[in-house]
Peer 1: 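One structure follows; several queries about it will come next.
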There are 2 protein chains.
Amino acid sequence: MKKSDRTRQDILDATASSLATAGYTATTVKSIAETIGMQDASIYYHFSSKDELVGEVLDIGTARAVTAVDRALAELPDDHDPREALRVAIIAHAEAVLGGGDYPRANVRTFGQLPPDLTHRHRQGHRNYGQIWTRLIDDGVESGVLRGDLNRSVARLIIIGALCWAIEWFDAGEEVSAADVGEHVFQMVVNGMSVGQPHSTAVSV
Amino acid sequence: MKKSDRTRQDILDATASSLATAGYTATTVKSIAETIGMQDASIYYHFSSKDELVGEVLDIGTARAVTAVDRALAELPDDHDPREALRVAIIAHAEAVLGGGDYPRANVRTFGQLPPDLTHRHRQGHRNYGQIWTRLIDDGVESGVLRGDLNRSVARLIIIGALCWAIEWFDAGEEVSAADVGEHVFQMVVNGMSVGQPHSTAVSV
DNA sequence: GATTAAATCTAGTACGCACTAGAAAAGTCA
DNA sequence: TGACTTTTCTAGTGCGTACTAGATTTAATC
């Protein structure tokens, strides 16, 4: 009973790693098996199909990202500025997806290259995740520290998008850390790049 | 000499459309051929391999995006605010990638799911494209209207990332247009979502 | 140490993929 | 029309894929 759990974990880890770096298609059952020194057929003793295995990796990825953000928000003082909550969440997300383990990275990286069944499962997880951000933005707008003339849903997706796309260019070896990326996203999106007065008038969409 | 050019164009169009909606792996030579009512083998009279065909589609995509942004910038008055240039470029990009044809969409959509050879070709095109944005940001910082305490390269990638990721959620059927998305990105990234005073102090990375 | 259960392996199937060779058809122009 | 070229089709190859069946080994239990 013990051995099985250990190998199962090894398979999940190898899959997450491969998905994060090589993507869905290049992640073959055979390559996963090779990574942990097994035959490809042996994988099927632990998982009934490739997509069930991949699906489990993706679920773990979203769960870890959610946990990271939730934990960061829980540490805020009771009377925090809503913008500070947004800042903490953005940085937590950046660290989870860029600097964290393979699971959240696999999740974001394979977005958009999955077969329909998995895409559906994937999107469901993202929807739940999005609700955290919806609340953060709502808090800011309703308490008057964030602009109310922007479409909140679009704003949310733009923030998440900027963070998710960072996986395509972020290089852990460079001097810019995952937290730095998060801080930049926050600074740009909340305070703006502009010096002094805003550039043009408000929009209404 | 005429017939060949026309079918060649049909093949490119069908490939762009399939790449934009289904991605690289799901875009098979057979499916492309079916779309235009041909046998898959006939494709090889016009293109020597799938990847040569895909590569050409991607090149067209980047070219169109570059053209769209360049054209928008060319229409600015000589004494324009650097932030206005950024705004115009962001909206032009959004319209090209979200509301435009299949070619730019194919380009962004398949980013990160291509085989190594094509990835290299792809990245080269993006690098050239990035230079346009580098210049826009540099202009803003050097003329004093954009903050100088942010890493310009990171800022550039965050803007482009927010725009590129929009392809994953943007729905042309909804009431939010491609230009609206661009306007939102600009408002958030340049003016910020914050009302009044910035939230916390400057960063230095 | 023998018996049973768990885990892995060997060997194979079926299928979809990109791609090829050569025959057939369609178009071009005297 | 007839000779020639361009374009498309028919029919197939080889390969990598996910996955299966049954034998074989490894581990746990009495």
Side-chain angles (χ1 to χ4, degrees), chain A residues 1-19 21-58 106 109-110 113-122, chain B residues 1-19 21-58 106 109-110 113-122:
Chain A
M1 215 65 103
K2 269 288 181 45
K3 181 80 185 306
S4 179
D5 291 353
R6 197 150 21 91
T7 353
R8 197 186 148 85
Q9 192 59 51
D10 287 346
I11 295 171
L12 286 168
D13 289 348
T15 307
S17 168
S18 177
L19 286 174
T21 58
Y24 177 79
T25 307
T27 297
T28 66
V29 176
K30 192 178 179 187
S31 75
I32 295 168
E34 273 172 3
T35 316
I36 57 176
M38 281 183 110
Q39 294 298 320
D40 53 344
S42 306
I43 302 281
Y44 290 89
Y45 177 79
H46 302 274
F47 298 91
S48 69
S49 74
K50 174 187 175 180
D51 283 358
E52 189 207 304
L53 165 56
V54 171
E56 196 162 326
V57 169
L58 298 180
R109 176 70 206 283
T110 57
Q113 34 176 309
L114 299 174
D117 288 3
L118 280 174
T119 301
H120 190 260
R121 184 173 180 172
H122 210 193
Chain B
M1 211 66 105
K2 269 289 181 45
K3 181 75 185 309
S4 181
D5 290 352
R6 195 148 26 89
T7 10
R8 197 185 146 86
Q9 192 59 50
D10 288 345
I11 295 171
L12 286 168
D13 289 348
T15 307
S17 168
S18 177
L19 286 174
T21 58
Y24 177 80
T25 307
T27 298
T28 66
V29 176
K30 193 178 178 188
S31 75
I32 295 169
E34 273 172 3
T35 318
I36 57 176
M38 280 184 109
Q39 295 297 319
D40 53 345
S42 306
I43 302 281
Y44 291 90
Y45 177 79
H46 303 274
F47 298 91
S48 69
S49 74
K50 174 187 176 180
D51 283 359
E52 189 206 305
L53 166 56
V54 171
E56 196 161 325
V57 168
L58 297 180
R109 176 70 205 282
T110 57
Q113 33 175 312
L114 300 174
D117 288 4
L118 280 175
T119 302
H120 190 261
R121 184 171 179 173
H122 210 192

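Side-chain atoms are counted along with the backbone in the values below, which use heavy atoms only and exclude waters and symmetry mates. Labels below follow one simple rule: chain letters A, B, ... track the order of the sequence lines, proteins then strands, and each chain is numbered from 1.
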Peer 1: How does protein contact run along nucleotides 8-20 of chain D, one letter per nucleotide 5' to 3', with B for base contact, S for sugar-phosphate only, - for none, heavy atoms under 4.0 Å?
Peer 2: BBBB-----SSBB
Peer 1: Suppose we screen for side chain to side chain donor-acceptor pair (under 3.5 Å). Which residues come up paired with Thr35(B), at least two apart in sequence or across chains?
Peer 2: none
Peer 1: Applying side chain to side chain donor-acceptor pair (under 3.5 Å), can you list everything that pairs with Gln113(B), at least two apart in sequence or on another chain?
Peer 2: none
Peer 1: Rounded to the nearest Å, what distance is computed from the CZ atom of residue Phe47(A) to the C1' atom of nucleotide dT8(C)?
Peer 2: 15 Å
Peer 1: Check the distance between dT6(D)'s P and Ile43(B)'s CD1 and give it to me in whole angstrom.
Peer 2: 20 Å
Peer 1: Under the rule for side chain to side chain contact (heavy atoms under 4.5 Å, CB included), what residues qualify as partners of Ser42(B), not counting sequence neighbours?
Peer 2: Met38(B), Gln39(B)
Peer 1: Send over the distance from Asp10(A) CG to dT8(C) C1', rounded to a whole Å.
Peer 2: 14 Å
Peer 1: Could you tell me which residues satisfy side chain to side chain contact (heavy atoms under 4.5 Å, CB included) with Gln9(B), sequence neighbours excluded, listed by chain and number?
Peer 2: Leu12(B), Asp13(B), Tyr103(B)
Peer 1: Listed by chain and number, what are the side chain to side chain donor-acceptor pair (under 3.5 Å) partners of Ser17(A), not counting sequence neighbours?
Peer 2: none
Peer 1: With Watson-Crick and G-U wobble geometry limited to distances under 3.5 Å, how should the secondary structure of DNA chain C be encoded in dot-bracket form, using | for bases paired to another strand and [ ] for crossing pairs?
Peer 2: ||||||||||||||||||||||||||||||
Peer 1: Could you tell me which residues satisfy side chain to side chain donor-acceptor pair (under 3.5 Å) with Ser31(B), sequence neighbours excluded, listed by chain and number?
Peer 2: Thr28(B)
Peer 1: Quick one: pull up CD1 in Ile36(A) and OG1 in Thr7(A) and give me the separation to the nearest 0.5 Å.
Peer 2: 7.5 Å
Peer 1: Does anything in residues 44-53 of chain A form a side-chain hydrogen bond (donor to acceptor under 3.5 Å, both in side chains)? List the pairs, not counting sequence neighbours.
Peer 2: Tyr24(A)-Asp51(A), Ser48(A)-Glu52(A)
